[in-house]
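Worksheet: the structure to be examined is printed underneath.
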Amino acid sequence: MSDVMKDRRTDYGPPHYEQFLPPVIKENYGKWKYHEFMKPGVMVHVSETGDKLFTVRAASGRLCSVSKIRMYCDLADKYCDGYLRFTSRHNVEFLLTKEENINPLIKDLAEIGHPVGGIGNAISSIVHTQGWIHCHSAATDASGIVKCVMDELIEYFENTKLPGKLRIALACCLNMCGAVHCSDIAILGIHRRPPRIDHENLRKVCEIPNVSASCPTAAIRPATVDDNPSVEVIEERCMFCANCFTVCPAMPLNDPLNDGVSIWLGGKVSNARHEPMFSKLAIPFLPNNPPRWPEVTTAVKDIVELWAKNARRYERMGEWIERIGWPKFFKMAGIEFQKEHIDDFKFAGLTYKRSTHLTF
Amino acid sequence: MADNIPKTPKLDELEKGRWPSFVKEIKMAAQKSPMAVDLLGQLEQSYDEKIGYWKHGGIVGVMGYGGGVIGRYSNLPEKYPNISHFHTMRINQPAGWFYKTEALRKVCDIWEKHGSGLTNMHGSTGDIILLGTKTDELEPTFAELQKIDFDIGGSGSDLRTPSCCCGMARCEWACYDTMALTHDLTMHYQDELHRPAFPYKFKFKMSGCPNDCVASIARADMSVIGTWRDDIQVDPDAVREYADKGMNIESDVVDNCPAKCMSWDGKELHIDNSFCVRCMHCINVMPKALRPGKDRGATVLIGSKAPIIEGALLSSVFLPFVKVEPPYTEIKDLVDKIWDVWSEEGKNRERVGEFIQRVGLGNFLDAIELDPVPEMVAHPRENPYVFYEEYFEEDEGEEEEES
């Protein structure tokens, strides 16, 4: 430990970004004039000085081994003078000053298994969480579903034939580390069985008042079970948020028989045209069916293609559904509307249809 | 090592198909790391049994820091001893996620030596995620990271690692320097970032324009979104060029304007900027012809979050327009006031957005000494149950007005 503590520094913060900016960016910082889409996954930014910067965006699975990062570095050294960046959706971007390097780079990327795309009216990489790879509360795997869905939809990553942008996100439980709640398509892992309480150990690992307070519907109250101070759950009030499990490991909700996936549609964060909006429930439950989750991939693909076929140019999923109305959407999509679609939490009344604006 | 790789028939199915395969990544790491070998084994078991095998967290970290390391333990440590501990380290990314390969290779070398060799580039909040190592390796990893100037990010009830879009580095729409503000706030609030002292987490996200590429309006307790106050810059010749090249200005641009503040007469685009809501659509589709105005700054919004606990929220407007220039006094003053009130009055695990819902925006504005303005609401109240705080008593003054 003494070796470790010697010369120890804390609170020095991240490296300053300036040292990682390529010269063309340093020279044109804040001077970019416009950009143009060149071909799928490639764009050029043109500066007021006339300088040009070419960006090649490649897909990534988010989970990266150091070997893969070194391969990225090799390509950046070969074509980009040793500079690269990542995007908010886990893509890797190569920044080039020589246009003639674009095609050789794309060819090299293909050789290491990384398609280029995700710019313009396309799907970008799926923002997602850890799932069974690293999370204790996951109701489904994250990387697995993402891989299967993108294998199905890869043509829409590599081309720009969609009406508008399509942003898919996946979170493996309601904690939503992937913040899926404002995505065109959100794939959300859900539990459907109330917590199974480990009465013998609960008092040793949890604070009972905190457990009670954690429940948004006040379904948890202190109780003595087999002489152990513990809690009881009013099961009909449980909506499976797993917030109790977050504060108390003795209340697991994970359950192979009941865990699965729900599909939510029509959210966006951009202010372009329509204001930002939340995603809304389209499919309450699909089973966990690893390794390829056929029910989920089919459902997502069908929705993407229905939107692609029917939406107007630039219309995002939520803008399209808002225009045609949800009843029409459910009919066109062949999705049965059921009780679970109707909100029953706070502000639920605001989601009821309060007009006669209906289509028939 | 390669000989020990377990049979994973289910995971092998995920090596097929054209999208980059995370299974291949784990297998690459398994060439060198026994942790990655056991991860494959446990993950295959999860795929067989449709359930995760990770234990609930646990408090681990490095000396002097209260966050940045996520404790993780396997539920099956006898079967998979190399991942009996499998902690995550969050490493504060450089603003904008730009790297020089030289620096990135050093991070790789450290993580190959001390961890699983697996990463996320990047995590949802923005950090470099170093995925999986043992408790004993945390201090040595941090010691090496100190030498290459990479520090630890946030976790738990602290300031989470701020993040931003690429801003002025590569975007003509950046209305302020997102990377400079992000770096400045990150350095200014190092203590809050590393030592959890809040009721719950707090996130900053900086987007350079209303397209909001870092989803700040959905994911940040404080969203700083670039905007402008003056007129959209128009190059009429370039507009005509778009039209000549086949763009239907009427249907592609004008009809999509949410403010209905523009018209096209076949030759010229007219914009009534006094009604423009700065949505970006027209600029997005004609980047060569239209640009944000010159009087640029940001709108500051507060309170978004995912559903846990009381339901998901979007951020709402606090400062309709602020100039974003060093030393960012106006923004920091707002942050400090919000933190003061929320730290004092917020309940355990209550995000600031939920706190505002509970006490009411009006009361919260009073507490942070910010005057209400109509930009803060979608519309004024519809319900007449108004909480007036004072009323006149009959014997108080000469002028009695009870109405």
Side-chain angles (χ1 to χ4, degrees), chain A residues 4 9-15 17 20-21 25 29-30 32-35 45 59-67 69-70 73 76-77 82 85-86 88 113-114 132 136 138 143 147 150-151 154 174-179 181-182 216 243 249 254 256 269-273 276 288 290-291 346, chain B residues 10 13-14 17-20 22 25 28-29 46-47 50-52 54 56 64 92 94-101 105 108 111-112 117 119-121 124 139 143 146 149 151 168-169 172 179 186-187 190 210-212 214-215 217-219 256 258 279-281 287-288 306-309 311-312:
Chain A
V4 165
R9 295 193 296 151
T10 60
D11 295 7
Y12 46 94
Y17 55 87
F20 296 149
L21 299 178
I25 285 185
Y29 199 90
W32 299 107
K33 195 173 172 196
Y34 67 91
H35 74 277
H45 283 80
S60 149
R62 181 172 184 260
L63 188 79
C64 263
S65 64
V66 294
S67 314
I69 298 173
R70 287 177 184 136
C73 289
D77 287 340
R85 78 174 288 264
F86 294 84
S88 57
H114 286 262
W132 292 334
H136 62 289
S143 318
K147 162 76 176 147
M150 286 311 294
D151 277 344
I154 192 165
L174 269 64
N175 274 313
M176 289 194 191
C177 303
H181 55 297
C182 294
N243 204 31
N254 296 351
V269 295
S270 161
N271 282 273
R273 301 170 308 284
N288 265 335
K346 298 182 174 183
Chain B
K10 287 217 164 63
E13 289 297 313
L14 294 170
R18 291 185 51 225
W19 193 253
F22 69 100
E25 297 296 320
M28 268 196 264
S46 284
Y47 270 61
K50 302 185 185 181
I51 192 163
W54 296 105
H56 203 279
N92 198 148
W97 299 295
F98 286 89
Y99 294 96
K100 223 170 163 172
T101 54
R105 286 181 199 277
C108 290
W111 195 235
E112 190 166 78
T119 74
N120 293 137
M121 298 299 285
S124 298
E139 283 294 347
Q146 287 168 45
D149 292 326
D151 201 349
M168 292 181 168
E172 68 271 23
M179 286 163 48
T186 306
M187 299 310 287
Q190 281 288 297
N211 283 322
D212 198 1
V214 289
I217 202 160
R219 310 187 53 179
N256 279 316
C279 90
M280 291 296 292
H281 174 78
K288 261 180 119 164
I308 301 295
I309 301 170

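Throughout, protein chains are lettered first and strands after them, A, B, ... in sequence-line order, and every chain is numbered starting at 1. All values below were derived from every heavy atom in this structure, side-chain atoms included, with hydrogens, water molecules and symmetry-related copies excluded.
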If every non-hydrogen atom of B/P20 is compared with every non-hydrogen atom of A/G113, which pair is closest and at what distance? CG-O, 3.7 Å

Can you tell me how far OG of A/S65 sits from CZ of B/F22, rounded to the nearest 0.5 angstrom? 13.5 Å

Side chain, backbone, both or neither of B/I309 within contact of chain A (heavy atoms, under 4.5 Å): both

Whatever's closer than 4.5 Å to a heavy atom in chain A on B/S46 counts as both

When only pairs under 4.5 Å are counted, which of B/C108, B/G52, B/A306, B/S124 shares the most heavy-atom pairs with chain A? B/C108

Could you go through B/N211 and A/N271, starting from their C-alpha distance and side-chain angles, then the distance that decides it, and tell me whether this counts as side chain to side chain contact (heavy atoms under 4.5 Å, CB included)? CA-CA 6 Å; B/N211 283 322; A/N271 282 273; over 6 Å; no

Can you check whether A/S67 reaches B/E25 side chain to side chain, under 4.5 Å on heavy atoms? no

Between chain A and each of B/A215, B/P210, B/P258, count heavy-atom pairs under 4.5 Å; write down the option with the most. B/P210

Is A/R85 reaching over with its side chain to a backbone N or O of B/G96, donor-acceptor style, under 3.5 angstrom? yes

Applying side chain to side chain contact (heavy atoms under 4.5 Å, CB included), run through A/S270 and B/D212 and close with a yes or a no. CA-CA 5 Å; A/S270 161; B/D212 198 1; 5.7 Å; no

Kindly determine whether B/M179 and A/L21 satisfy side chain to side chain contact (heavy atoms under 4.5 Å, CB included), including the steps that lead there. CA-CA 11 Å; B/M179 286 163 48; A/L21 299 178; 3.9 Å; yes

With no hydrogens and no angle check, is any side-chain donor or acceptor of A/R9 less than 3.5 Å from a backbone partner on B/Q146? yes

With respect to chain B, which residue among A/T10, A/D11, A/N175 yields the maximal number of heavy-atom pairs within a distance under 4.5 Å? A/D11

Side-chain donor or acceptor of A/H181 paired with backbone N/O of B/A218 under 3.5 Å: yes

With respect to chain B, which residue among A/G61, A/C73, A/P216, A/P276 yields the maximal number of heavy-atom pairs within a distance under 4.5 Å? A/C73

Among all residues two or more places apart in sequence or in another chain, which pass the side-chain contact (heavy atoms from CB on, under 4.5 Å) test with B/M121? A/C64, A/I69, A/F86, B/Y99, B/L104, B/T119, B/I128

Pairing residues for B/K10 by the side-chain contact (heavy atoms from CB on, under 4.5 Å) criterion, not counting sequence neighbours: A/P291, B/E44, B/Y47, B/D48

Correct closest heavy-atom pair for B/I308 and A/L174 would be CG1-O, 3.7 Å

Might you point out which heavy atoms bring A/R70 and B/R105 nearest each other, and give the distance in Å? O-NH1, 3.9 Å

Could you check whether any side-chain N or O of A/K346 sits under 3.5 Å from a backbone N or O of B/G311, counting only pairs where one atom can act as donor and the other as acceptor? no

Between A/D151 and B/R18, the two heavy atoms sitting closest are OD1-N, 3.2 Å

Just verifying a value: how many Å separate A/C177 SG and B/R219 CZ, rounded to the nearest 0.5 Å? 9.0 Å

Rounded to the nearest 0.5 Å, what separation is found between the OH atom of A/Y34 and the CD atom of B/E172? 10.0 Å

Minimum-distance pair of heavy atoms, taken over all atoms of A/Y12 and B/D151: N-OD2, 3.0 Å

Taking all non-hydrogen atoms of both residues into account, name the closest pair between A/V66 and B/E112 and its distance. CG2-OE2, 3.5 Å

Max heavy-atom pairs within cutoff under 4.5 Å with chain A, candidates B/W97, B/W19, B/F98, B/W111, goes to B/W19

Would a distance-only check, ignoring hydrogens and angles, find a side-chain to backbone donor-acceptor pair under 3.5 Å from B/K50 to A/P290? no

